[in-house]
Amino acid sequence: MKLSASILLLLSTSITTLLSSAEINIDLLSWDEAYEKADKLINEMTLDQIADITTGKGLFMGPCTGVTTATTNPDFPALCLADGPLGVRGTPFASAFPAGMTMAASFDKEMLRKRGEAMGAEFRGKGAHVQLGPGMNIARVAKAGRNWEGFGEDPFLSGVAAAETIIGIQSQGVIAAAKHYIVNEQETNRMIHSVTIDDRTLHEVYLWPFARSVEAGVGTIMCSYNKINGTYACENSRVMNEILKDELNFKGFVHSDWLATHSTTKAANNGLDMTMPGGWIHFGGALKTAVKNSKIEITRAKDMARRIVASWYKMRQDENFPSIKMNTNNELKDPGTDVQGDHAKLIREHGAASIVLLRNKNNILPLTSKSGIKKIAIFGTDAGLDSGRKNNTSCGVISQCNKGTFIQGGGSGGSNVPYIISPLEGITKRANDLSIEVVSSINDGKTSEAASIAKTADIAFVFAKSYVAEMKDLSHLKVDNNVDKLIQAVADENKNTIVVIHSANAVVMPWENHPNITGILWPGLPGQESGNSLADVVFGDINPSGRLPITIAKKETDYPADVSSKFEFEYTERLLVGYKYFDAKGIDPLFEFGYGLSYTTFNYTDIKMNMNNITNNNINTQVTVQVQNTGDQDGSEIVQAYLSYPESAYEPPKLLRGFEKIFLKKGQSNQVTFHLGKQELSIWDVTSQQWIIPKGLFRIHIGASSRDIRQSISFNI
Ligand SMILES: *[C@@H]1O[C@H](CO)[C@@H](O)[C@H](O)[C@H]1NC(C)=O
Ligand SMILES: *[C@@H]1O[C@H](CO)[C@@H](O)[C@H](O)[C@H]1NC(C)=O
Ligand SMILES: *[C@@H]1O[C@H](CO)[C@@H](O)[C@H](O)[C@H]1NC(C)=O
Ligand SMILES: *[C@@H]1O[C@H](CO)[C@@H](O)[C@H](O)[C@H]1NC(C)=O
Ligand SMILES: *[C@@H]1O[C@H](CO)[C@@H](O)[C@H](O)[C@H]1NC(C)=O
Ligand SMILES: *[C@@H]1O[C@H](CO)[C@@H](O)[C@H](O)[C@H]1NC(C)=O
């Protein structure tokens, strides 16, 4: 259910508590309005109370991931901060949405927003004030253990995805947490390593999504575990005070990642506003003492509290916010805490829209009644549910296990998993509708059994995964369990072998040029409706439109950066992250950033541009292109705009600066428009410490991927 802001305001806000699992639309306060209210409350607070609301109660204190202490007179509640970025974790009757990386592959702004709204509604229903997400660290290293939580290797895509997610979450009156700030791009030595990074790269690549999050009004930002230039993120004045609060004008609060606070005075004075999980280490009593000893100004302590209270007012959490219902008993069904609503439908739709079709030789897909297929074979542990599992509730509420099909990564980025529709179940259901027989062997090790079954089928699906979890980077990019061998064995016996890869990382595909491998699908980490989303694409109900938010290289060593085991290391590739490095060095990837196939074809014509308002600080470049569906099926195209800067700017060959998803019926044609303004055309000038538009010849390329440019146009500034 969707209520407009005005209707909602006319009705009493108490109606929001009745709609615990349905999306609402809260009319958020401006920061100015929120600060005005916050000031009143803060001015009545004692130093004890300020310490209470800026300090978590400690690890495992209650049902939330983190919780602060409530105050009375003036009254301020205990804030519940809850994992994670793809749904509510640690409590039953909540949904498992597709992972960030997977949603990024949809290149669909509206879906990203809707997913945010649905997640926000679930956190609100559980009484969680803060959703600990979205993650927006850049997939700099293909093996990084938390790439799946973010939105891929490109800052522009990540920025759009982060902003849409945040606007969606916060429309439900739940504070979104942009994380992990900043340069937290690997798990190895994550609590101690120091990243050396130059100012321009920091701004143009890693800060970009956080800057878009601040523009979207994000309520809180989580500082990360690592050090930057030798100083911990959570006590780093340059990144918190200078960049975040002064340069970006961030008005919300900074809270620490769990156990990422290392000091009292240094942390507070350099910009940390709340410590998590707290437990009076560093803040709390220590904060009070530091204020009493004039190590921390009382004005700064009040500023910390004000930022927290203002975020709370901004989301209107003072108006009938639901009480905390983070029930940890999975078997106790309390209807009041079931917040799933009809989100399963959304999850299925989003999962399907995020599937990337990497190969479709001889138009083997979709399978329809006309395909003449009588028998499908399905292989791989990743196709099914683990046989040792008593039920289909995956790994219970802990959301950290690697059993059966892979739908979400492990650790704090996971969620409750109410059930899983496995690929085997999803495909079998649809195959039965078409009277197609399904045979299977979902055991990775039984290659010869698989080979002999494959021989008897018209088409064979082999499922592979690359499991990832927090705290551990991958040691290689091969699929798990030596499934490469299973794929090879099946392909040797079946000339229509389709490989399906559940991963959020690139994997190497040593079997890629096997002539019998006619199809490759990358559904990423699709959440609870995995098998249904996949079947929707395989059987042609949904025409695939997902695109790669990362580069899939031919070999591991082609990538610009690897996990470092050093305690101090530099981001030496600088601006050449992901496809920008492959472009600059002339390395052919296996599948490039932005790549993905459709069951139909699109043609691009008539590029035109219009430029106006060129003043020192204002420019609007409008580029239009005509796109036509020239195939024989309806479908959506992801139209991408890449920018080439003048050579004198020393930028990578091209950078994504716009994308639009457009649905076209067969034969239909429509115009797509991109606006490139000051933000899209600027580079970070280290000397003047501002964004400037360089002078010279620019080019805008419109295409279907970073290497499938269909139309280009140049202009001078
Ligand atoms: C880190 O050090 C480099 C090199 O001295 C400097 O350019 C950059 O601004 C510093 N960044 C931070 C966040 O301290
Ligand atoms: C589901 O399986 C889990 C783990 O095997 C078990 O703890 C739980 O009791 C099961 N629930 C039901 C309803 O069977
Ligand atoms: C298993 O999943 C189905 C949906 O496919 C759901 O209806 C059922 O309740 C789940 N069973 C358990 C024990 O969770
Ligand atoms: C492809 O599959 C067919 C069986 O359909 C098999 O005879 C042939 O040897 C396979 N090709 C290769 C290169 O393995
Ligand atoms: C596609 O567009 C090109 C121009 O970019 C044109 O030459 C070609 O005829 C078009 N093809 C179809 C099938 O419309
Ligand atoms: C210049 O930009 C402003 C807002 O950015 C817009 O209202 C105005 O119409 C533009 N003028 C021209 C000539 O395009």
Side-chain angles (χ1 to χ4, degrees), residues 137-138 140 180-185 193-211 221 223-248 250 254 260 266-267 269-272 359 361-362 364 371-377 379 439 447-448 450-462 484-499 509-520 566-575 650 683-691:
N137 295 104
I138 297 290
R140 168 183 179 260
H180 312 79
Y181 187 73
I182 191 171
V183 293
N184 186 187
E185 269 79 35
H193 79 240
S194 177
V195 170
T196 305
I197 181 167
D198 67 283
D199 196 40
R200 180 168 173 184
T201 304
L202 182 80
H203 277 81
E204 294 189 16
V205 183
Y206 301 96
L207 182 65
W208 184 287
F210 289 98
I221 291 182
C223 54
S224 56
Y225 286 127
N226 54 287
K227 299 175 190 170
I228 304 109
N229 282 2
T231 306
Y232 278 111
C234 293
E235 55 185 37
N236 192 312
S237 174
R238 171 82 187 131
V239 300
M240 290 192 294
N241 277 345
E242 288 179 34
I243 297 180
L244 192 56
K245 292 181 176 175
D246 292 345
E247 192 182 306
L248 301 183
F250 172 59
V254 179
K266 204 174 164 192
N269 287 340
N270 290 342
L272 183 68
R359 175 168 299 165
K361 258 205 270 182
N362 316 323
I364 182 73
S371 307
I373 303 273
K374 301 236 164 16
K375 192 172 180 181
I376 295 177
F379 304 109
V439 288
T447 43
S448 47
S452 61
I453 297 174
K455 220 183 272 191
T456 69
D458 301 309
I459 188 164
F461 286 86
V462 190
D484 286 332
K485 214 176 129 201
L486 180 68
I487 294 169
Q488 181 77 41
V490 170
D492 284 349
E493 299 298 340
N494 188 301
K495 64 180 189 329
N496 282 319
T497 299
I498 297 181
V499 180
M509 305 182 189
W511 31 261
E512 172 272 326
N513 59 7
H514 194 297
N516 285 351
I517 296 181
T518 49
I520 305 175
K566 295 190 184 137
F567 293 153
E568 247 184 84
F569 59 92
E570 192 175 349
Y571 283 13
T572 50
E573 75 288 349
R574 298 188 158 209
L575 302 178
Y650 297 105
I683 63 172
W684 178 252
D685 184 57
V686 173
T687 315
S688 66
Q689 287 288 298
Q690 59 181 337
W691 293 94

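Counting starts at 1 for both ligands and their atoms, in listed order. This one's a predicted model, so the numbers in the text were calculated from it and none came from an experiment.
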> E493 heavy atoms, cut-off 4.0 Å: which ligand 4 atoms fall inside?
Replying inline: 4 (C), 5 (O)
>> Quick test: of every protein heavy atom, which one is nearest to atom 7 (O) of ligand 1, and how far off is it to 0.1 Å?
In response: D199 N, 3.8 Å
>> Side chains of D199 and Q689 only: does a donor on one sit below 3.5 Å from an acceptor on the other?
In response: yes
>> Let me confirm one number: the NZ-NE2 distance from K495 to H514, rounded to the nearest 0.5 Å.
In response: 13.0 Å
> Counting from 1, what ligand 4 atoms have a heavy atom of P515 closer than 4.0 Å?
Replying inline: 13 (C)
> What protein heavy atom sits nearest atom 13 (C) of ligand 1, and how far off is it?
Replying inline: R238 CG, 3.4 Å
> ligand 4 versus K455, non-hydrogen atoms closer than 4.0 Å: side chain, backbone, both, neither?
Replying inline: neither
> Around atom CD of E568, are there more than 12 heavy atoms of other residues, nucleotides or ligands at under 6.0 Å?
Replying inline: no
>> Can you tell me if I197 contacts ligand 1 (heavy atom of the residue under 4.0 Å from the ligand)?
In response: yes
> Can a protein heavy atom be found under 4.0 Å away from atom 4 (C) of ligand 1?
Replying inline: no
> Which is closest to atom 1 (C) of ligand 4 by heavy-atom distance: N516, I517, V490, D458?
Replying inline: N516
> At under 4.0 Å between heavy atoms, which part of D492 makes contact with ligand 4: side chain, backbone, both or neither?
Replying inline: both
>> Polar contacts were defined as any N/O atom of the residue lying under 3.5 Å from an N/O atom of the ligand; does this apply to N229 and ligand 1?
In response: yes
> Distance-only, no hydrogens or angles: does the S224 side chain make a donor-acceptor pair with backbone N or O of Y181 under 3.5 Å?
Replying inline: yes
> Numbering the atoms of ligand 1 from 1, which are under 4.0 Å from a heavy atom of I228?
Replying inline: 13 (C)
> Looking at CD1 of I459 and CD1 of I498, how far apart are the two atoms once the value is rounded to the nearest 0.5 Å?
Replying inline: 3.5 Å
> Parallel, tilted or perpendicular for W684 and W691, by the 30°/60° rule?
Replying inline: perpendicular
> If you take all heavy atoms of T572 and R140, which pair is closest and at what distance?
Replying inline: N-NH2, 4.5 Å
>> Checking a contact table here: which protein heavy atom is nearest atom 12 (C) of ligand 4, and how many Å away?
In response: H514 CE1, 3.6 Å
> If you draw a 6.0 Å radius around NZ in K361, do more than 12 non-hydrogen atoms from other residues or ligands fall strictly inside?
Replying inline: yes
